[in-house]
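Read the structure below first, then the notes.
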Amino acid sequence: MSTETPEGDIQLFQKQERIYPKRVAGVYRNLKWLAMIICLAIYYFVPFLRWDRGPSAPDQAVLIDLERGRAYWFWIEIWPQEVYILTGILILAAIALFFVTSLFGRVWCGYLCFQTVWTDLFIWVERIVQGDRNKRKKLREGPWTKEKFTKLAITHAIWLVIAWCTAGSFVLYFNDAPTLVRSFFNFDVSPVVLGFVCSLTFMTYLMAGFAREQVCTYMCPYARFQSAMFDQDTLIIGYDEKRGEPRGKHKKGADWTGLGDCIDCTACVQVCPMGIDIREGLQMECIACGLCIDACDDVMDKVGLPRGLIRYDTERRLEEKNHDLPISKYRLLRPRSFYYMAIIAIVGGIMLYSLLNRSELEMNILHDRNPLFVRLSNGDIRNGYDLKILNKTHNDHIYALQVKGLDGAIIEMVGAGDLDEMVLGVGADSVGQFKIFVHAPVEPQKPIPIEFVLQETQTGVSDRYESMFISERPH
Amino acid sequence: MHDEDKKKDIDELSGIETTGHEWDGLKELNNPLPRWWVWVFLVTCLWSFWYFIVYPAWPVPGGATKGTSGYTQFKELAESQQEIIARQQAYLEKFEAADFDEILNDPALYSFATAGGAAAFKDNCATCHGSGAEGSKGYPNLNDDDWLWGGRVEDIYTTIQHGIRVHNDFDTHMSQMPAFGKEGLLKADDINAVVDYVVGLRDGKASEDMAGHTIFAQNCASCHGTDAKGLREFGAPNLTDAIWLYGSKRADIYHSVFYARAGMMPAWKNRLDENTIRQLAIYVHQLGGGEE
Ligand code: SF4
Ligand code: SF4
């Protein structure tokens, strides 16, 4: 664990260097504000959207009801049996991320990732309360005065409030939002909810307030495997070495001969939330937020040089420029883009198909295992089955069950009261469970394939299920 | 070891010392760990010390350290069992108050009873009757519709309570089949004749012209009935149906006539509580052969 530095003293760990990103204005900063506002608005307000589904289902537009095992997304409703839809969504999201990354680089990291968005928000709070980079740095590194104490306290208080709202919104996706908000105000929430809210609050506070760039550099798997999606033609944030070097201070009005365009003002370094120097070339830490572009463009405007010393470009083009080769065109659409698109189309198509063809009635039949069959006193053979009817509609229904493929078959119902296989009632949005016996005059023989047919008595909607009729012990 | 081996290996490009580990020309830099990582590591170490103190952890002769919290898995088990019993209590009260008829018509009580019965069956009855109650030679299949001592839920309840041929239970089901051959009650020819007759009954081919018919009427009909359909008050089986507790082959039937048959079942009245016996009766009743 320990490292001896070349000087010989033992260093147990590496201190996190505190980063004080400087305020910046420009195209990409505006884009980031916009992305942040949209993302946060979606996150905080979606749980309050309503969507009418009738009396038997909740009216929250987006809801994961763990207790009853249902997920609702506007007009889509998912039962636990259909969890493959969730798989599909995750696959789609992953491939879409690959696709976008291969085209435009780490746009997800720079603009949309929750780590980025919340960190950005927390830095904004920090700046509002404590001032910009230099002030923050001075305050932080200075002695503990009353001012330092108040300003830090206010910052952390606001962070905690934001973290609390973030955690609170998260649990709203799993509960009826208005009810839960009301019970929050009445101090009447379950320990489970409270536990989730507290730990998520803590995590948000920790991740966006303290861990920040360390998450991207050390913890995030995506940051690591994205290099597999990069190639020479992926858009990255690049510093135009050819144009910038040799860098050096430049006085207004002085001659530019022998100097590159970079005036070594370190504006790009000061604004970087990752604390890196983009002029050293593409680095693993860079989340492609574009803020250094804004900072540099600003400087270029001031010294009267064209913008774009730092810009979105591709590795291939920057290399070619460095080596005075003819510069090729952007090649954003490459074979891999089409592979990704094809996968997206296929997965999306399958999901769309399964959603459009989602049946509102499903029957499951399970043959008894013990005993496999029973001989009755009149010589008939009887088999037992567990029947489950999934009524996914929002109305009560009555179903009739028949068995096909077995001569002289008779269905018997087992259970409390008088049950009739032609009148199987299943409530709205629920699963009906029944135990049935089928008996028929058959001689012992190999399993007979049979089919159960279930039909709604009014609408005629039906489902079938293939099963077996067993009449002798398997050898 | 050569002297130069001891020298630090500094990576040229980064100026950072390497660990000396090398894979295909790639060397591992000995970068310091991030501080938060070290903290997390230390906190988990502290946590483990806390755990050692609070929970049973270290093996010592005769067991393990007890831990200050007094936690054991046995205690946890007992607590969760208490919880379950408390949850069952609500049903149990209703179950105790209801008669069989009510239970058979109330879905909630019914599933409570069958769940309890299924568990009790596996613990107590499965040894003889099989885990699926499918029985075996000499041990009746409880799934079918053939009952020696009656198939209404009340009959099953009585059978479970008092058992069959239990010598010290007054209300037990009692009857005795004579061993016609062994005790010399019938001559060998007569036994063969009556066995042929029963085989005829089995196949639906028996007729009054058969020699065994008269022998049956004189010796067997008093228990099995003149129509051979059995009599439940004696636990005498129906000899005309498809179910043969001791086998349907001629040799099996011969054996039954010669040596007689007398199955036994324990009385559960003093071993299981009333509720469990009632749950068992309902469970067995719904296995498929229960009578109204
Ligand atoms: S590196 Fe990971 S955590 Fe950081 S912005 Fe990218 S995806 Fe988010
Ligand atoms: S180098 Fe530029 S683009 Fe990369 S993280 Fe820093 S500011 Fe953002």
Side-chain angles (χ1 to χ4, degrees), chain A residues 1-18 206-207 210-219 280 368-385 412-419 425 432-439 441 443-444 473, chain B residues 8 10 15-19 29-42 102-114 122 126 129-135 141-147 151 202 204 229-230 237-238 240-244 248 282 285-290:
Chain A
M1 189 165 85
S2 70
T3 302
E4 275 184 58
T5 57
E7 288 78 45
D9 53 329
I10 291 192
Q11 198 188 343
L12 263 182
F13 48 70
Q14 185 161 36
K15 254 179 101 174
Q16 179 189 2
E17 300 237 359
R18 198 175 286 279
L206 190 71
M207 292 298 146
F210 302 89
R212 294 194 177 172
E213 78 287 347
Q214 306 261 316
V215 174
C216 303
T217 321
Y218 294 109
M219 300 182 199
E280 285 166 14
D368 279 0
R369 296 184 186 185
N370 186 13
L372 279 175
F373 66 93
V374 171
R375 174 176 282 271
L376 299 180
S377 56
N378 66 355
D380 278 8
I381 300 289
R382 192 188 74 203
N383 281 207
Y385 304 85
E412 259 179 89
M413 304 286 305
V414 191
D418 284 326
L419 294 165
Q433 297 199 37
F434 304 93
K435 171 94 210 166
I436 57 171
F437 286 137
V438 174
H439 65 89
E443 286 308 313
R473 277 180 194 282
Chain B
K8 274 182 222 145
I10 307 289
I16 294 172
E17 191 196 344
T18 76
T19 57
L29 295 186
N30 197 1
N31 271 317
L33 296 159
R35 179 157 65 170
W36 60 266
W37 193 96
V38 176
W39 275 113
V40 170
F41 178 69
L42 290 178
E102 282 164 355
I103 297 167
L104 291 184
N105 285 299
D106 179 329
L109 283 182
Y110 184 84
S111 56
F112 174 73
T114 47
K122 299 240 152 56
H129 289 284
S131 59
E134 73 281 17
N141 185 342
L142 304 175
N143 294 282
D144 63 30
D145 56 344
D146 189 30
W147 299 92
R202 179 194 74 189
K229 291 217 153 72
N238 183 344
T240 63
D241 66 13
I243 292 170
W244 294 83
S248 60
I282 291 166
H285 183 259
Q286 58 88 55
L287 283 175

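Chain A is the first sequence line, chain B the second, and so forth, proteins listed ahead of strands; every chain is numbered from 1.
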Subject >> Considering all heavy atoms, the nearest B/G288-A/F437 contact >> reply: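 Looks like CA-CE1, 3.3 Å.
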
Original post:
How close do B/P34 and A/Q214 get, heavy atom to heavy atom, and via which atoms?
Top reply: CB-OE1, 4.0 Å

Original post:
Between A/R375 and chain B, which part of the residue has a heavy atom less than 4.5 Å away: side chain, backbone, both or neither?
Top reply: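 Contact with chain B: backbone and side chain both.
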
Original post:
What part of A/M413 gets closer than 4.5 Å to chain B, counting heavy atoms only: side chain, backbone, both or neither?
Top reply: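 Neither part, no heavy atoms under 4.5 Å.
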
Original post:
Nearest 0.5 Å, what's the CH2-CZ distance between B/W36 and A/F210?
Top reply: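 B/W36 CH2 to A/F210 CZ: 15.5 Å, rounded to 0.5 Å.
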
Chain B contacts, top residue of [options] (heavy-atom pairs, under 4.5 Å):
options                        : value
A/V414, A/N370, A/D418, A/N378 : A/N370
A/S377, A/P371, A/G415, A/G417 : A/S377
A/D368, A/L376, A/D380         : A/L376

Original post:
Is any side-chain heavy atom of B/E134 closer than 4.5 Å to a side-chain heavy atom of A/L372?
Top reply: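 Of all side-chain heavy-atom pairs linking A/L372 with B/E134, none is under 4.5 Å.
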
Subject >> Side chain / backbone / both / neither for B/D145 at chain A, heavy atoms under 4.5 Å >> reply: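 Both backbone and side chain of B/D145 come within 4.5 Å of chain A.
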
**OP:** Check ring pair (Phe, Tyr, Trp, His ring centres under 6.0 Å) between B/F112 and all other residues, then give those that pass, not counting sequence neighbours.
**Re:**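 With neighbours one apart ignored, the set is B/Y91, B/F95.
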
Original post:
Can you tell which of B/T240, B/I282, B/L287 has the highest number of heavy-atom pairs within less than 4.5 Å of chain A?
Top reply: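 Among B/T240, B/I282, B/L287, the one with the most close pairs to chain A is B/L287.
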
